[in-house]
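Report on the following structure.
Read the numbers this way: they start at 1 and go in the same order the structure lists the ligands and their atoms. What you are looking at is a predicted structure, and each value in this text was computed from that prediction instead of being measured.
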Amino acid sequence: PLKAVIFDLDGVIADTAVVHDLAWRQLASELGVPFDNATGERMKGVDRLGSLDILLERADRRYAEHERLALAERKNGYYREQIERFGPEQLLPGARDAIAATRAAGLKVGLASASRNASLLLERMGIADLFDHVVDAGRIARSKPDPEIFLAAARGLGVEPHECLGVEDAAAGVDSILAAGMAAVAVGDSPALAHADARIPNVAAFDIKHYTT
Ligand code: G6P
Ligand code: MG
């Protein structure tokens with residue numbers, strides 16, 4: 001039986017996908033590197049330096065480690081300028097209800113986010129208290145699509161992976177959930193999410209009864 005739901009943050013609960021995307025696009029344009037929608041889609045769920053490496057695939061020169069760190073920091077500055085102003089308005093519609101309904105159904109609720117800004121976002125949006133256990137990028141060694149982050153979330157919740165459902169908007173995230181041995185619900189209409197067990201257009205369509213009965 002299902003005992004826990006583990007949510008991704010960016011693009012599932014928080015309206016940050018476009019904020020990340022715009023910050024990366026700004027950096028790409030400053031570097032003169034082409035950036036298209038597919039580039040942005042591949043970055044979803046991938047940690048900061050991994051995302052930068054995707055951006056730099058089309059750069060016309062190689063960047064040394066210290067330069068890469070500085071570029072990642074620059075992007076984070078653009079991103080932080082926006083999320084510092086966040087409040088509960090930036091919760092995606094239905095996100096708070098989906099979490100509350102999961103808790104009301106007697107299930108545990110976890111968060112598995114590749115972002116180092118996860119705690120800041122949870123505080124700003126006023127939902128830090130709704131999670132039984134939070135795992136962010138600072139607590140793991142291997143980024144999504146590796147299963148480590150979802151396995152760490154299950155362990156923190158005190159449940160087995162097969163008793164968990166993961167909810168993700170990123171291909172790398174769905175891969176991570178499935179590799180952890182959990183059922184995956186994909187959010188959004190990207191063709192890259194086709195391998196999930198179930199699909200919903202957005203978190204407002206998440207109905208916990210659907211997975212518990
Ligand atoms: C999430 C987002 C990615 C982002 C990553 C790292 O997974 O989907 O787009 O690159 O977090 O976020 P951070 O806030 O640490 O730069
Ligand atoms: Mg996401």
Heavy-atom pair of closest approach, residues [X] and [Y]:
X      : Y      : answer
Ala114 : Gly45  : CB-O, 3.5 Å
Ser115 : Asp10  : CB-OD2, 3.5 Å
Pro145 : Asp175 : CB-CB, 3.6 Å

Q) In terms of ring plane angle, is the pair His20 and Tyr79 parallel, tilted or perpendicular, where the classes change at 30° and 60°? A)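 Plane angle under 30°, so parallel.
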
Q. Around atom CZ of Arg62, are there more than 12 heavy atoms of other residues, nucleotides or ligands at under 6.0 Å?
A.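 Open: at most 12 neighbouring heavy atoms sit under 6.0 Å from CZ of Arg62.
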
At a non-hydrogen distance cut-off of under 4.0 Å, which region of [X] contacts ligand 1 (side chain, backbone, both, or neither)?
X     : value
Ser51 : side chain
His20 : side chain
Val46 : backbone

Does [X] pair with [Y] as a salt bridge, N-O distance under 4.0 Å?
X      : Y      : value
Arg103 : Asp132 : yes
Glu168 : Lys44  : no
Asp53  : Arg48  : no

Q: Would you give the angle at the Mg ion (ligand 2) between Asp169 atom OD1 and Asp8 atom OD2, to the nearest 10°?
A: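 Roughly 90°, rounded to 10°.
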
Q) Going by heavy atoms, is Gly45 under 4.0 Å from ligand 1? A) yes

Should [X] be counted as touching ligand 1, given the test is an N or O pair under 3.5 Å?
X      : value
Arg116 : yes
Trp24  : no
Arg48  : yes

Q: Under 4.0 Å from a heavy atom of Asn117: give me the atoms of ligand 1 that qualify, with their elements.
A: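 Per the distance check, 13 (P), 14 (O).
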
Q: Please determine if the Mg ion (ligand 2) has an N/O/S atom from Glu168 lying under 2.8 Å away.
A: no

Tell me which protein heavy atom sits closest to [atom], plus the residue, atom name and distance to 0.1 Å.
atom                   : value
atom 9 (O) of ligand 1 : Met43 O, 3.6 Å
atom 1 (C) of ligand 1 : Asp10 OD2, 3.3 Å
atom 6 (C) of ligand 1 : Ala114 O, 3.6 Å

Q: Provide the atom name of the closest N, O or S atom of Asp10 relative to the Mg ion (ligand 2).
A: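 Looking only at N, O and S atoms of Asp10, the one nearest the Mg ion (ligand 2) is named O.
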
**Q.** Arg61 NZ/CZ over Tyr63 ring centroid, <6.0 Å and within 45° of normal
**A.**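 Positive - Arg61 is close enough to the ring of Tyr63 and near enough to its axis.
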
Q.
Quick one, Asp36 with Arg58, criterion salt bridge (charged side-chain N to carboxylate O under 4.0 Å, His left out). Give me CA distance, side-chain angles, the key distance, then yes/no.
A. CA-CA 11 Å; Asp36 55 27; Arg58 289 153 87 183; 3.4 Å; yes

Q: Measure from atom 13 (P) of ligand 1 to every heavy atom in Gly173, Ala170, Ala72, Ser115 and give the option owning the shortest one.
A: Ser115

